[in-house]
Amino acid sequence: MWQPNKLEQERLEKLERLQALGIEGYPRRAHRTHTAAQAVAAYEALEAQDAEAAQALEVTVCGRIRRVNLKGKISFLHIEDESGRVQLLLRVDELGEATYDLVKDKLIDMDDFVQAGGVMMRTRAGEVSVLVHEFVLLAKSLSPLPVIKQQVLDDGTVIEYGEFSDVETRYRQRYADLAVNRRVREVFRKRAETLRAMRRFFDDEGFLEVETPVLQPVYGGAAARPFITHHNQLKQDLYLRISFELYLKRLLVGGYDAVYEIGRDFRNEGVSWKHNPEFTMAEFYKAYIDYRGVMDITERMVAYVAEQVTGSTTITYQGHTIHLAPPWPRLTMRDAIRQASGIDYMDYPDAAALEAVIRAKGGSVAPGQPWGKLVSYLLETYVEPNLIQPTIIMDYPRDVSPFAKRVDYDDVHVERFEFFIAAMEMGNAFTELNDPRDQEARFLEMAKLYRAEDDDATPLDEDYLRAMRYGMPPNGGWGMGVDRLVMLLTDQRSIRDVLLYPHLRKEEGTA
RNA sequence: GGCCCCGUAGCGCAGUGGUAGCGCAGGUGCCUUUUAAGCACUGGGUCGUAGGUUCGAAUCCUACCGGGGUCACCA
């Protein structure tokens with residue numbers, strides 16, 4: 001139940017006073033001929049040709065009031081729409097007293113949406129403005145937004161005074177955050193551009209965009225705890241997908257050469273600066289290439305998207321200058337770990353020995369973990385934090401990679417790589433296993449390996465094996481955390497800052 | 001889940017045992033080219049919640065709620 005505070009009560013009273021004057025607080029219709037940016041641009045273009053003619057440019061603009069400066073019989077308002085801001089010059093002799101007094105008596109507030117019709121002009125101070133002769137309230141704001149003032153310097157840089165920075169309130173009330181913080185709006189514009197650029201890239205490469213089930217009877221394709229839900233009519237438990245992998249590869253059986261999907265995955269696990277329970281994943285599978293082909297596509301895709309979104313393949317992330325142009329260094333996992341930690345894990349072929357040497361070096365790992373997980377621990381601890389420039393780490397242990405093909409003449413490693421940028425794991429890819437007998441064995445092996453300690457052991461997907469038995473072309477597959485790429489391209493430190501509505505605990509007093 | 005930090009007016013913050021403050025925003029008045037407009041006057045607080053210690057608590061203690069960080073977890 002809304003309890004209006006003092007400021008809100010004042011605005012409610014203003015709304016009543018407006019209604020008493022016959023002025024609708026939330027009229028049905030609005031009219032606009034120019035965005036703020038278009039109005040200014042149109043005037044400047046005309047002015048460049050003919051200063052006289054420019055004075056006759058009629059516009060009607062709409063937007064939210066972001067600055068109010070009342071000066072007696074003349075007032076300046078700045079309104080903002082998505083395109084930017086434009087100044088309104090209100091004069092009592094242009095508007096008439098009745099309308100002018102709405103502003104002078106502050107029945108119109110900061111944050112209200114208004115419509116203003118008038119002619120474009122330049123003030124004495126030189127600002128392109130609308131000299132208003134028609135002024136209409138479009139929507140009353142009852143709750144004032146946080147106040148941020150800005151100073152625009154001659155070179156166009158904007159200095160902001162006052163802040164709306166409380167992260168909890170910003171995430172809970174993203175609408176207020178967006179309304180007030182222009183830079184936040186910019187982040188989500190770049191997010192959209194990132195997605196567009198990715199789709200354009202894959203489409204141009206001949207991939208088919210597909211959509212596969214979010215609700216799955218058997219989850220798989222990754223190791224994560226799922227969210228469980230239930231279909232009432234079918235009396236069936238369903239899982240929210242943790243990956244798209246197995247559904248996408250079935251499509252290669254179906255005859256598509258190359259497919260991709262961009263969508264939401266759900267993982268019932270911890271929340272952190274790089275984890276959200278639901279997040280955006282991109283995956284592709286392409287027939288007749290191996291993981292080296294996937295590496296090439298990865299490098300080109302990331303460079304292309306960066307170029308499209310930021311204008312360059314060299315970006316700045318949290319103070320680091322990062323070069324995304326291909327080629328990226330490719331290191332085997334064994335070499336990377338050996339160089340960074342001094343440990344050659346091939347010298348410790350069983351889990352107990354590897355665990356012992358990790359402990360001897362001061363590492364802390366849970367006892368009894370599979371060998372491959374210990375190797376992953378070494379990578380995460382010694383290698384990953386230093387991978388600022390884009391780097392491909394390849395050839396992963398077999399027992400943590402149930403969908404990847406073995407490396408030739410190597411019983412330990414599989415053709416799998418992950419790529420890292422800014423010390424973040426961005427994605428994961430393999431030469432995909434397409435032998436149904438091998439795949440079945442790997443499922444069973446994984447179940448044996450993980451059942452003991454993981455309550456989320458990946459179930460065996462019989463239908464996936466059935467699909468594979470019809471024949472699956474050799475293929476390379478790939479998955480990437482899109483949110484992390486957006487973080488990189490927008491220089492944001494937390495995944496929450498690239499999600500419009502990051503997950504938060506339920507607020508007290510709300511349903 | 002463990003540990004650490006934070007929660008004071010709409011927003012940003014100060015206040016570490018003795019009458020709750022500042023800036024912006026708000027209200028009233030003045031101002032016909034301002035732009036972080038200006039000038040004068042002025043209202044506004046369950047100090048996250050609940051207990052406790054104390055003559056006295058925003059301040060110290062405990063628990064809880066919410067947030068952030070970090071570790072664990074995330075083949």
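Order of the sequence lines fixes the chain letters, A, B, ..., with proteins taken first and strands second; residue numbering starts at 1 for each chain.
No side-chain donor from either of A:Arg496 and A:Asn276 sits under 3.5 Å from a side-chain acceptor of the other. Counted by atom type alone, A:Gln38 and A:Tyr43 present zero donor-acceptor pairs between their side chains at under 3.5 Å. Counted by atom type alone, A:Lys405 and A:Tyr291 present zero donor-acceptor pairs between their side chains at under 3.5 Å. Judged by distance alone, the side chains of A:Tyr219 and A:Asp461 never bring a donor and an acceptor atom under 3.5 Å apart.
Distance CD (A:Glu8) to P (B:G27): 14 Å, rounded to an integer number of Å. When rounded to the nearest whole Å, the span between CG of A:Leu504 and C1' of B:C65 equals 14 Å. Taking atom CD1 on A:Ile242 and atom C1' on B:A75, their separation rounds to 11 Å, with Å as the unit. Across the protein-nucleic acid pair, A:Leu374 atom CG and B:A75 atom P stand 14 Å apart, rounded to whole Å. Remark: P of B:G26 and CG of A:Asp112 are 12 Å apart, rounded to the nearest angstrom. We find that CG of A:Asn428 is positioned 13 Å from C1' of B:C74, with the value rounded to whole Å. The CZ atom of A:Arg493 sits 11 Å away from the P atom of B:G68 (whole-angstrom rounding). Summarising the geometry, the separation between CD on A:Gln3 and C1' on B:G44 is reported as 17 Å, rounded to the nearest angstrom.
Residues satisfying the ring pair (Phe, Tyr, Trp, His ring centres under 6.0 Å) criterion with A:Tyr345, sequence neighbours excluded, are A:Trp371, A:His413.
Toward the 5′ end of RNA chain B lies the nearest nucleotide of A:Glu10, the other residue of the pair A:Arg172 and A:Glu10 mapping further downstream. Residue A:Asp93 is the one, among A:Tyr377 and A:Asp93, whose nearest nucleotide of RNA chain B lies closer to the 5' end (criterion: closest heavy atom).
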Could you pull out the protein-nucleic contacts involving nucleotides 4-11 of chain B (nitrogen or oxygen on both sides, under 3.5 Å)?
unit_1, atom_1, unit_2, atom_2, d
B:C11, O2', A:Glu163, O, 2.2

Pairs: protein N or O with nucleotides 34-39 of chain B N or O, under 3.5 Å:
unit_1, atom_1, unit_2, atom_2, d
B:U34, O2', A:Asn69, ND2, 2.2
B:U34, O2, A:Asn69, ND2, 3.4
B:U34, N3, A:Gln87, OE1, 2.9
B:U34, N3, A:Gln87, NE2, 3.2
B:U34, O4, A:Gln87, NE2, 2.6
B:U34, O4, A:Thr123, OG1, 2.8
B:U35, O4', A:Arg67, NH2, 2.7
B:U35, O2, A:Glu127, OE1, 2.7
B:U35, N3, A:Glu127, OE1, 2.5
B:A37, OP1, A:Lys149, NZ, 3.1
B:A37, OP2, A:Arg67, NE, 2.3
B:A37, N7, A:Asn69, OD1, 2.3
B:A37, N6, A:Leu70, O, 3.3

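Distances were taken from every side-chain heavy atom of A:Arg496 (C-beta onward) to each of B:G67, B:G69, B:U32; the shortest belongs to B:G69. When distances are taken from the side chain of A:Asp109 to each of B:G27, B:U33, B:G67, the shortest belongs to B:G27. In this structure, the nucleotide among B:G67, B:G69, B:A75 sitting nearest to the side chain of A:Val167 is B:G67.
Residue contacts shown for A:Pro397 are absent, as no nucleic acid heavy atom lies under 4.0 Å away. At a threshold of 4.0 angstrom between heavy atoms, the contacts of A:Arg66 with the nucleic acid are absent. Residue contacts for A:Glu94: at a heavy-atom cut-off of 4.0 Å it reaches no nucleic acid atom on any strand shown. Residue contacts for A:Lys104: at a heavy-atom cut-off of 4.0 Å it reaches no nucleic acid atom on any strand shown. Contact annotation for A:Arg91: base contact, defined as any heavy-atom pair under 4.0 Å involving a base atom.
Across all strands shown, B:A9 remains unpaired; no Watson-Crick or G-U wobble contact has both distances below 3.5 Å. With both pairing distances under 3.5 Å, B:C60 is matched to B:G52 as a Watson-Crick or G-U wobble pair. Across all strands shown, nothing is found opposite B:U34 as a Watson-Crick or G-U wobble partner with both distances under 3.5 Å. Base pairing of B:G1: its partner is B:C71, meeting the Watson-Crick or G-U wobble criterion (both donor-acceptor distances under 3.5 Å). B:C41: Watson-Crick or G-U partner is B:G27, with both key distances under 3.5 Å.
Taking a 6.0 Å sphere around CD of A:Glu97, one finds it holds 12 or fewer heavy atoms contributed by other residues, nucleotides or ligands. A 6.0 Å sphere centred on NZ of A:Lys104 holds no more than 12 heavy atoms belonging to other residues, nucleotides or ligands. Under a cut-off of 6.0 angstrom, the local environment of CG in A:Asp154 is sparse, with at most 12 non-hydrogen atoms contributed by other residues, nucleotides or ligands.
Taking both residues in full, the closest heavy atoms of A:Arg174 and A:Asp497 are given as NH2-CA, 4.2 Å, listed atom of the first, atom of the second, then distance.
The P atoms of B:C60 and B:U16 are separated by 10 Å, rounded to the nearest whole Å.
At least one donor-acceptor pair under 3.5 Å links the side chain of A:Asp435 to the backbone N or O of A:Arg437.
At the phosphate of B:G27, OP1 or OP2 sits under 4.0 Å from a side-chain N or O atom of A:Lys14.
Remark: A:Arg122 engages A:Glu47 in a salt bridge, criterion side-chain N to carboxylate O under 4.0 Å.
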